[in-house]
There are 2 protein chains.
Amino acid sequence: MITLTEENYIKAIYHLGKHGKNMVNTNAIAESLETKASSVTDMVKKLAEKDYLNYKKYQGVILTEKGRQVAVNIIRKHRLWEVFLVEKLNFTWDEVHEVAEHLEHIKSDKLINELDSFLEFPTHDPHGDPIPDKNGIFNTIDKISLSQANIGNTYKCIGVEDSSTNFLQYLDSNNIGLGTTITVLHKEPFDNSVKIKLHTKEMVVSQNVAKNLYLKVL
Amino acid sequence: MITLTEENYIKAIYHLGKHGKNMVNTNAIAESLETKASSVTDMVKKLAEKDYLNYKKYQGVILTEKGRQVAVNIIRKHRLWEVFLVEKLNFTWDEVHEVAEHLEHIKSDKLINELDSFLEFPTHDPHGDPIPDKNGIFNTIDKISLSQANIGNTYKCIGVEDSSTNFLQYLDSNNIGLGTTITVLHKEPFDNSVKIKLHTKEMVVSQNVAKNLYLKVL
DNA sequence: ACTAATTTTTAGATTAGTCTAAAAATTAGT
DNA sequence: ACTAATTTTTAGACTAATCTAAAAATTAGT
């Protein structure tokens with residue numbers, strides 16, 4: 001059995017090692033988890049013993065495949081719960097993280113797979129980060145909706161979800177079309193509206209518009 | 001801050017003391033939590049110190065008002081999560097308890113109150129047990145739907161939720177009307193259908209029928 | 001390459017929750 | 001009321017996760 005603390009170490013190491021691919025040093029883990037280097041040394045010894053990572057004294061640690069799978073599964077749970085909180089329970093996207101930190105540790109395959117289905121298999125969380133599927137595979141198609149886009153990033157418009165005349169006319173009258181370059185300036189937590197820059201003009205679009213506009217990462 | 005273990009002790013004491021009203025002895029707590037009497041003694045000392053209960057050596061413990069509130073809040077969370085799991089995530093009513101045991105410890109007022117609203121303020125969980133509101137008050141009106149009724153109990157039919165012609169004709173053709181006495185024989189976890197006895201006849205009704213038929217406890 | 005600064009590990013202590021085994025208090029039987 | 005059985009508490013020890021302080025290894029500067 002894996003403990004809550006072990007899961008948090010593995011998750012931190014995964015993020016620090018850029019998806020668990022790189023070696024991570026003791027101080028970085030300590031800082032990330034707001035603990036002391038000596039505590040980290042103790043824990044990584046235990047995690048190495050349990051085969052979640054490889055540990056070389058004074059060198060650092062790197063996740064094993066087993067450890068990487070644990071990390072990806074926690075991330076999947078975290079991000080699915082974030083979608084649930086925002087879409088069903090009226091949380092704003094900056095309120096979700098803390099609660100999701102707890103929900104991500106609930107252990108039940110049925111729970112998380114039914115939640116995935118209930119949410120209609122979302123591919124990205126409210127911050128725009130990708131959600132791995134039940135096999136731990138991240139969707140590599142880089143199509144996301146504007147509401148999933150990250151602040152500060154620039155995208156190209158590649159399509160719509162809602163192709164109603166009303167929506168297309170709205171886009172047209174605001175000079176948004178296929179190929180339009182859009183930079184995300186701000187996401188308003190209160191109503192999930194999004195402030196964007198297009199061409200040289202700035203504008204705010206509603207959550208409804210943002211959800212129906214598909215973008216590609218540039 | 002209250003720990004997960006402390007919460008579980010308080011919950012057990014609440015149930016054993018019939019809603020926290022009666023004194024509970026050490027061995028009963030130990031048996032209920034599958035631990036040893038010596039561990040219980042240690043823990044109740046700590047809980048008494050924190051004012052969740054009153055402890056008299058060799059006598060037993062009784063919850064304080066503060067302790068009772070903690071217990072009721074955990075029960076509220078447990079039962080709301082059970083409703084969510086059954087109604088939204090296709091759990092059967094005998095699968096929910098274990099997962100709800102974990103979910104009940106997530107601490108977020110916003111989470112639980114939004115969940116309550118999302119579920120449309122249910123008054124009973126899938127086992128027929130009442131759900132206290134956000135102030136810790138149990139609904140004392142004994143109207144429940146057939147799907148919330150307990151196996152083995154007998155009820156009187158007092159109304160319907162769905163008053164469509166189709167539904168009323170269905171009830172009529174099966175000799176179910178206002179005042180009809182109904183005993184719950186079996187609840188089928190697979191599809192949430194309910195086997196009932198009425199007059200002297202037995203029949204099975206679907207989940208849909210069960211949710212729309214209101215009963216009063218006899 | 002040798003000292004200085006940094007990073008990491010070790011050693012020993014602490015806290016929460018648990019356990020076993022023995023002692024103390026209570027309850028029950030005659 | 002006195003012994004026997006039961007229940008409860010105490011005492012001491014264990015594990016997981018943490019900490020501080022000191023020691024050891026690595027890295028950097030000249």
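So that the names make sense, note that chain A is the first sequence line, chain B the second, and so on, each numbered from 1.
We find that CE of B:M23 is positioned 17 Å from P of D:dT7, with the value rounded to whole Å. The separation between B:M43 atom CE and C:dT15 atom P is 16 Å, rounded to whole Å. Remark: P of D:dC14 and CG of B:D42 are 16 Å apart, rounded to the nearest angstrom. For the pair B:M1 CE and C:dT15 C1', the interatomic distance rounds to 17 Å; values are reported in whole Å. A straight line from CD of A:E34 to P of D:dT18 spans 12 Å, rounded to a whole angstrom. D:dT18 atom P lies 12 Å from atom CD1 of A:I29, rounded to whole Å. Put simply, CD on A:E49 is 15 Å from C1' on D:dT15, counting in whole angstrom units. In this structure, the NZ atom of B:K45 is 14 Å from the C1' atom of C:dT18, given to the nearest Å.
The side chain of B:T41 lies closest to D:dT9 when the candidates are C:dT10, D:dT7, D:dT9.
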For this session: Taking Watson-Crick and G-U wobble pairs with both distances under 3.5 Å, convert DNA chain D into its dot-bracket string, 5' to 3', dots for unpaired and | for cross-strand pairs.
Result: ||||||||||||||||||||||||||||||
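A salt bridge links A:E65 to A:R68: at least one charged side-chain nitrogen sits closer than 4.0 Å to a carboxylate oxygen.
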I'd like a list of close polar pairs between nucleotides 20-26 of chain C and the protein, N/O only, cut-off under 3.5 Å.
{"from": "C:dT20", "atom 1": "OP2", "to": "B:K36", "atom 2": "NZ", "distance (Å)": "3.1"}
{"from": "C:dT20", "atom 1": "O4", "to": "B:S38", "atom 2": "OG", "distance (Å)": "3.0"}
{"from": "C:dA25", "atom 1": "O4'", "to": "B:Y58", "atom 2": "OH", "distance (Å)": "3.4"}

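When the side-chain contact (heavy atoms from CB on, under 4.5 Å) test is applied to A:E49, no partner is found at least two apart in sequence or on another chain. Listed by chain and residue number, B:D116, B:S117 satisfy the side-chain contact (heavy atoms from CB on, under 4.5 Å) test with B:F121 (two or more places apart in sequence, or in another chain). When the side chain to side chain donor-acceptor pair (under 3.5 Å) test is applied to A:E161, the partners found at least two apart in sequence or on another chain are A:Y214. Residues satisfying the side chain to side chain donor-acceptor pair (under 3.5 Å) criterion with B:S145, sequence neighbours excluded, are B:S147. The side-chain contact (heavy atoms from CB on, under 4.5 Å) search around B:L218 returns B:T154, B:K156, B:T181, not counting sequence neighbours. Applying the side-chain contact (heavy atoms from CB on, under 4.5 Å) criterion to A:H105, with sequence neighbours excluded, gives A:L4, A:E7, A:N8. With sequence neighbours excluded, no residue satisfies ring-ring contact (aromatic ring centres under 6.0 Å, His included) with A:H15.
Using a 4.0 Å heavy-atom distance criterion, B:T5 is classed as a sugar-phosphate-only contact.
Taking the six-membered ring for Trp and the full ring otherwise, A:Y14 and A:Y9 have centroids separated by 6.0 Å or more.
Phosphate proximity of C:dT6 to A:N27: absent, as no side-chain N or O sits under 4.0 Å from OP1 or OP2. Under 4.0 angstrom from either OP1 or OP2 of D:dT7 there lies no side-chain N or O belonging to B:N25. Neither OP1 nor OP2 of D:dA16 sits under 4.0 Å from any side-chain N or O of A:T3.
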In residues 197-212 of chain A, what donor-acceptor pairs under 3.5 Å come from side-chain atoms, sequence neighbours left out?
{"from": "A:H199", "atom 1": "NE2", "to": "A:N175", "atom 2": "O", "distance (Å)": "3.2"}
{"from": "A:S206", "atom 1": "OG", "to": "A:N208", "atom 2": "N", "distance (Å)": "3.4"}
{"from": "A:S206", "atom 1": "OG", "to": "A:V209", "atom 2": "N", "distance (Å)": "3.2"}
{"from": "A:N208", "atom 1": "OD1", "to": "A:N212", "atom 2": "ND2", "distance (Å)": "3.4"}
{"from": "A:N212", "atom 1": "OD1", "to": "A:D162", "atom 2": "N", "distance (Å)": "3.4"}
{"from": "A:N212", "atom 1": "ND2", "to": "A:N208", "atom 2": "O", "distance (Å)": "2.8"}

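Every pair tested for ring-ring contact (aromatic ring centres under 6.0 Å, His included) that includes a residue from residues 47-70 of chain A fails, sequence neighbours excluded, so the list is empty.
The side chain to side chain donor-acceptor pair (under 3.5 Å) test with B:K11 singles out one residue from B:E104, B:H78, B:E6, and that residue is B:E104.
Contacts of residues 8-18 of chain A with DNA chain C (heavy atom under 4.0 Å): none.
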